[in-house]
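Scroll down for the structure; my scribbles are underneath it.
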Protein chains: 2
Amino acid sequence: MKYIEKLRNSGLRPTKQRLQICEVLFDTEKTFHFTINDLANKIKKQLNNKISLATVYNTVHAFEKKGYLKQIPINSNQTYFDTNVSDHHHFYDLKDEKLIDLETSEVGPIKILKQIDGKKIKSVEVLVKLED
Amino acid sequence: MKYIEKLRNSGLRPTKQRLQICEVLFDTEKTFHFTINDLANKIKKQLNNKISLATVYNTVHAFEKKGYLKQIPINSNQTYFDTNVSDHHHFYDLKDEKLIDLETSEVGPIKILKQIDGKKIKSVEVLVKLED
DNA sequence: TTCTAGTTTATAACGATTCTAAAAAAGTGT
DNA sequence: ACACTTTTTTAGAATCGTTATAAACTAGAA
Ligand SMILES: [Mn+2]
Ligand SMILES: [Mn+2]
Ligand SMILES: [Zn+2]
Ligand SMILES: [Zn+2]
């Protein structure tokens with residue numbers, strides 16, 4: 001299995017559950033956005049297999065910490081994650097409540113002209129809200 | 001009271017509670033960021049007066065709908081609001097979990113080179129995450 | 001195999017937010 | 001002032017996403 005090494009190198013034991021979640025998250029043509037609930041449902045359908053919700057939470061947070069997932073800063077009752085961990089931005093369709101990727105190359109260079117003493121910039125993320 | 005008209009013009013009855021919340025939110029030198037809980041505490045201290053938490057929620061949402069407050073897109077267990085309703089951006093200090101304003105004039109012009117069919121851009125918000 | 005630390009699991013707990021329904025207040029007309 | 005309607009406030013309950021718990025299980029090492 002191609003994820004065993006990846007997990008081992010991260011200090012995460014390659015358990016059956018983690019490998020299955022890897023499949024669902026990373027064995028895809030395209031990257032995607034999801035909530036924990038989305039993911040739990042996807043696992044059930046796609047793998048015909050129940051993984052405890054607590055494990056889904058634990059795994060998603062572990063993967064996020066290792067940089068295999070990103071959390072998307074948006075206001076929602078649920079937290080959104082992204083399997084696209086490259087630097088990029090998002091459209092948020094307010095009506096459909098859907099996220100759409102906006103690549104860095106699709107946004108002109110962003111100049112931050114203010115500095116905060118003793119702090120470094122870790123990331124710059126743009127959220128473009130859409131209406132009809 | 002200077003907020004009576006403002007509320008009436010918005011179709012909101014100028015109740016004692018709403019006027020008091022207006023004072024706390026808008027009778028300040030500087031704009032600020034807050035959570036519902038922050039606000040409830042501020043009311044208690046500043047006005048020596050209890051307002052039901054449900055009313056604080058209702059009022060904040062009513063004010064947001066009327067455009068007197070903005071919600072800040074950020075991932076936190078609590079929702080952050082902003083009394084600065086002008087178009088502007090934010091730094092987020094990951095360590096101190098604090099928001100800092102970043103004015104539009106302090107960010108170079110942002111070009112969005114991608115369009116979504118049938119949708120208009122409502123807002124463009126930048127979140128700059130800070131680390132030490 | 002035996003041991004140990006890490007992981008999974010069902011379930012409880014937590015906490016921010018929303019809902020409920022009854023009481024209070026605001027607005028309107030007389 | 002009064003009667004009447006509509007909006008608002010309120011305490012408390014309910015909801016629901018997320019986190020904590022603690023017991024059972026498992027991976028990896030010796
Ligand atoms: Mn989380
Ligand atoms: Mn809200
Ligand atoms: Zn994305
Ligand atoms: Zn602000």
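Computed from a prediction, not measured in an experiment: that's the story for all the values here. These values consider heavy atoms only, across backbone and side chains, with no hydrogens, waters or symmetry-generated copies. Order of the sequence lines sets the chain letters (A, B, ...), proteins ahead of strands, with each chain counted from 1.
- The environment of NZ in A:K114 is crowded: more than 12 heavy-atom neighbours from other residues, nucleotides or ligands sit within 6.0 Å.
- Rounded to whole Å, atom P of D:dG28 lies 13 Å from atom CG of A:N9.
- The separation between A:R8 atom CZ and D:dT26 atom C1' is 13 Å, rounded to whole Å.
- The side-chain tip of A:K2 does not point at the ring of A:F26 from less than 6.0 angstrom away and within 45° of straight on.
- In this structure, A:N75 atom CG and C:dT17 atom C1' are separated by 13 Å, rounded to whole Å.
- Remark: B:T79 is in phosphate contact with C:dT17, judged by side-chain N or O atoms under 4.0 Å from OP1 or OP2.
- Counting to the nearest Å, the P atom of C:dT9 and the CG atom of A:N49 are 8 Å from each other.
- A:Q115 CD: 12 or fewer foreign heavy atoms inside a 6.0 Å radius.
- Between the two ends of the helix from C:dT1-D:dA30 to C:dT30-D:dA1, each summarised by a five-pair axis, the helix axis turns through 30° (rounded to 10 degrees).
- Annotation: of the two residues near DNA chain C, B:P14 and B:N37, the 5′-most nearest-nucleotide partner is B:N37.
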What does the B/S/- profile of nucleotides 4-11 of chain D look like, 5' to 3', with a 4.0 Å heavy-atom cutoff to protein?
--BBSSBB

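- A:Y57 has a side-chain polar atom (N or O) that falls below the 4.0 Å cut-off from OP1 or OP2 of D:dT18.
- Between the P atom of D:dT26 and the CD1 atom of A:I4 lies a distance of 16 Å, rounded to the nearest Å.
- In this structure, the CG atom of A:N41 is 11 Å from the P atom of D:dG17, given to the nearest Å.
- To the nearest angstrom, P of D:dT26 lies 15 Å from CG of A:L19.
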Step by step, work out the side chain to side chain contact (heavy atoms under 4.5 Å, CB included) result for A:T59 and A:T15.
CA-CA 11 Å; A:T59 303; A:T15 64; over 6 Å; no

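- For the residue pair B:Q20/B:N49, the side-chain donor-acceptor check at 3.5 Å is satisfied.
- Between the CD atom of A:Q78 and the P atom of D:dT15 there is a distance of 17 Å, given to the nearest Å.
- Side-chain contact check for A:F91 versus B:I112: some heavy-atom pair is nearer than 4.5 Å.
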Output, in order, the C-alpha distance, side-chain angles, deciding distance and verdict of side chain to side chain contact (heavy atoms under 4.5 Å, CB included) for A:D93 and B:I116.
CA-CA 10 Å; A:D93 186 327; B:I116 307 296; 5.9 Å; no

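- Remark: the backbone N or O of A:V24 is not paired with any side-chain donor or acceptor of A:T28 at under 3.5 angstrom.
- For the residue pair B:V126 and B:H89, the shortest heavy atom distance occurs at N-ND1, 2.9 Å.
- Under 4.0 angstrom from either OP1 or OP2 of D:dT18 there lies no side-chain N or O belonging to A:H61.
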